Amino acid sequence: MIFVLTGAGLSAESGLGTFRDEGGLWTQYDLEEVATPQGYGRDPVKVLDFYNARRANAAGAAPNAAHHALARLERAGRARLVTQNVDTLLEAAGANEVWHMHGRLDRVKCNKCGDTWDAPETMCPFDACGSCGAQKLRPDVVWFGEMPYHLDEIERALAEAALFVAIGTSGTVYPAAGFIEHARMLGTPTLELNLEPSGAPFDEGRYGPASEVVPPWVESLLGAASS
Ligand code: OAD
């Protein structure tokens with residue numbers, strides 16, 4: 001099984017901004033204000049507005065050739081897809097299962113009872129939880145200082161992987177940024193597909209826009225036939 005870790009670069013050509021590139025989200029917004037529990041505590045309206053806008057962008061986006069290629073690899077039973085992205089473009093491309101380490105924009109979570117459900121287009125601060133009635137709703141995304149999802153399963157999948165591939169991620173946010181070292185420690189071959197080298201010690205790299213680099217890599221594994 002190939003362990004595939006994806007980041008914002010995968011969805012860049014679908015029109016969703018990355019975080020740290022020129023004009024990226026963290027050059028426009030203070031992440032302490034919009035992506036931490038403390039920021040939400042101080043100004044929930046600002047935080048909900050930020051995610052409402054991102055949800056609207058994501059809802060208007062379509063998967064690109066790289067999402068389609070990865071979904072094909074997953075459907076063929078060759079890849080475990082793990083993403084840091086909160087969009088669902090891999091699912092829109094037909095992937096059966098994607099582990100969203102940083103949660104999903106299209107889901108709501110109650111901060112009080114932990115229940116989750118599909119997000120409305122626009123979340124409001126006075127919406128109440130259908131299970132416990134609390135008005136403490138948030139997007140089901142992981143903020144800085146919080147524990148990412150699926151970490152136990154990820155550790156098991158990394159241990160079993162025949163190849164570790166990182167696609168469109170700068171490798172700056174832990175724990176995902178540490179997967180390359182973990183793979184190397186296990187003796188697993190590592191490959192990076194990215195716009196430019198991230199600087200992490202991958203065994204091999206292929207560089208260019210994801211929509212141009214990922215499909216030929218998948219074809220080299222599966223052949224060019226459509227499925
Ligand atoms: P970054 O914005 O840090 O990095 C994006 C990476 O994608 C960079 O290495 C770019 O070179 C590359 N890139 C840009 N355009 C590309 C393209 N068309 N094709 C291929 N690669 C391209 O985004 P992430 O690494 O995903 O977390 O960021 C990780 C986490 O930091 C995010 O999940 C988010 C953020 O803060 C949270 O919000 C918790």
Side-chain angles (χ1 to χ4, degrees), residues 1-14 16-27 31 35 64-67 69-74 76-87 89-90 95 98-103 142-222:
M1 185 72 85
I2 300 171
F3 186 110
V4 176
L5 171 71
T6 68
L10 177 67
S11 299
E13 291 162 87
S14 295
L16 303 182
T18 63
F19 295 95
R20 296 173 182 81
D21 295 307
E22 204 181 324
L25 278 173
W26 296 156
T27 68
L31 70 82
N64 64 53
H67 295 104
L70 291 177
R72 183 178 165 227
L73 194 64
E74 190 255 356
R78 299 287 303 277
R80 156 66 56 206
L81 301 182
V82 179
T83 190
Q84 299 167 89
N85 297 345
V86 291
D87 67 61
L89 293 178
L90 282 166
V98 182
W99 290 347
H100 285 267
M101 293 183 65
H102 293 167
V142 174
W143 286 325
F144 286 90
E146 296 183 321
M147 190 68 85
Y149 294 141
H150 300 292
L151 290 183
D152 290 345
E153 295 147 292
I154 284 173
E155 189 172 347
R156 284 194 291 276
L158 266 176
E160 289 165 8
L163 174 68
F164 171 75
V165 186
I167 301 177
T169 176
S170 61
T172 46
V173 174
Y174 283 83
F179 293 171
I180 163 78
E181 291 298 350
H182 194 70
R184 283 165 58 86
M185 198 184 70
L186 294 166
T188 309
T190 58
L191 168 68
E192 170 170 63
L193 307 177
N194 207 15
L195 193 57
E196 49 198 33
S198 64
F202 287 89
D203 296 325
E204 198 193 329
R206 300 187 189 182
Y207 298 104
S211 69
E212 292 174 23
V213 172
V214 177
W217 171 68
V218 170
E219 279 175 25
S220 74
L221 295 164
L222 294 183

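We use all heavy atoms of the structure for the numbers below, so side chains are in, but hydrogens, waters and symmetry mates are not. Note that the coordinates shown come from a computational prediction; the quantities given were computed from them, not determined experimentally.
- Distance CG/Leu31 to CZ/Phe144: 5.0 Å, rounded to 0.5 Å.
- You'll find the side chain of His102 reaches within 4.5 Å of the side chain of Gln84, heavy atoms only.
- Residue Trp26 comes nearest to Ala35 through the heavy atom pair CH2-CB, 3.8 Å, listed as atom of the first residue, atom of the second, then distance.
- At a threshold of 4.5 Å between non-hydrogen side-chain atoms, the residues Val173 and Phe19 do not count as touching.
- Among residues at least two apart or in separate chains, there is no salt bridge (Lys or Arg N to Asp or Glu O under 4.0 Å) pair with a member in residues 192-202.
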What side-chain donor-acceptor pairs closer than 3.5 Å can you find for residues 179-188, not counting sequence neighbours?
{"unit_1": "Arg184", "atom_1": "NH1", "unit_2": "Pro201", "atom_2": "O", "d": "2.9"}

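- A heavy-atom distance below 4.5 Å is not found between the side chains of Thr6 and Leu81.
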Practice problem: Show your working on side chain to side chain contact (heavy atoms under 4.5 Å, CB included) between Arg78 and Arg72 and close with a plain yes or no. | Solution: CA-CA 9 Å; Arg78 299 287 303 277; Arg72 183 178 165 227; over 6 Å; no
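- Residues His150 and Val82 fail the side-chain proximity criterion, which asks for heavy atoms closer than 4.5 Å.
- Side chain of Ser11 to backbone of Ala8: no donor-acceptor contact under 3.5 angstrom is found.
- Counting all heavy atoms, side chain and backbone alike, His67 lies closest to Ser14 at CE1-OG, 3.5 Å.
- When all heavy atoms of Thr172 and Ser170 are compared, the closest pair comes out as OG1-OG, 2.9 Å.
- Counting only heavy atoms from C-beta outward, the side chains of Ile154 and Phe3 approach each other to under 4.5 Å.
- Looking at Glu160, its side chain never comes within 3.5 Å of a backbone N or O of Met1 through a donor-acceptor pair.
- By the side chain to side chain contact (heavy atoms under 4.5 Å, CB included) test, Pro189 is found to be paired with Leu163, Asp203, residues two or more places apart in sequence or in another chain being considered.
- At least one donor-acceptor pair closer than 3.5 Å links the side chain of Glu146 to the backbone N or O of Trp143.
- Side-chain contact check for Leu90 versus Asn85: every heavy-atom pair is 4.5 Å or farther apart.
- Inter-residue side-chain proximity for Leu5 and Met101 is flagged as met; some heavy-atom pair is nearer than 4.5 Å.
- Here the closest heavy-atom approach between residue Val214 and residue Ala69 is recorded as CG1-CB, 4.1 Å.
- Under a 3.5 Å cut-off, the side chain of Glu74 and the backbone N or O of Ala95 do not form any donor-acceptor pair.
- The CD atom of Glu13 sits 6.5 Å away from the CD atom of Glu212 when rounded to the nearest 0.5 Å.
- The two residues Ser211 and Ala65 make their nearest non-hydrogen contact at O-CB, 4.0 Å.
- The shortest non-hydrogen separation linking Ile167 to Leu10 is CG2-CD1, 4.4 Å.
- Put simply, the side chain of Phe164 does not reach to within 4.5 Å of the side chain of Leu191, judged on heavy atoms.
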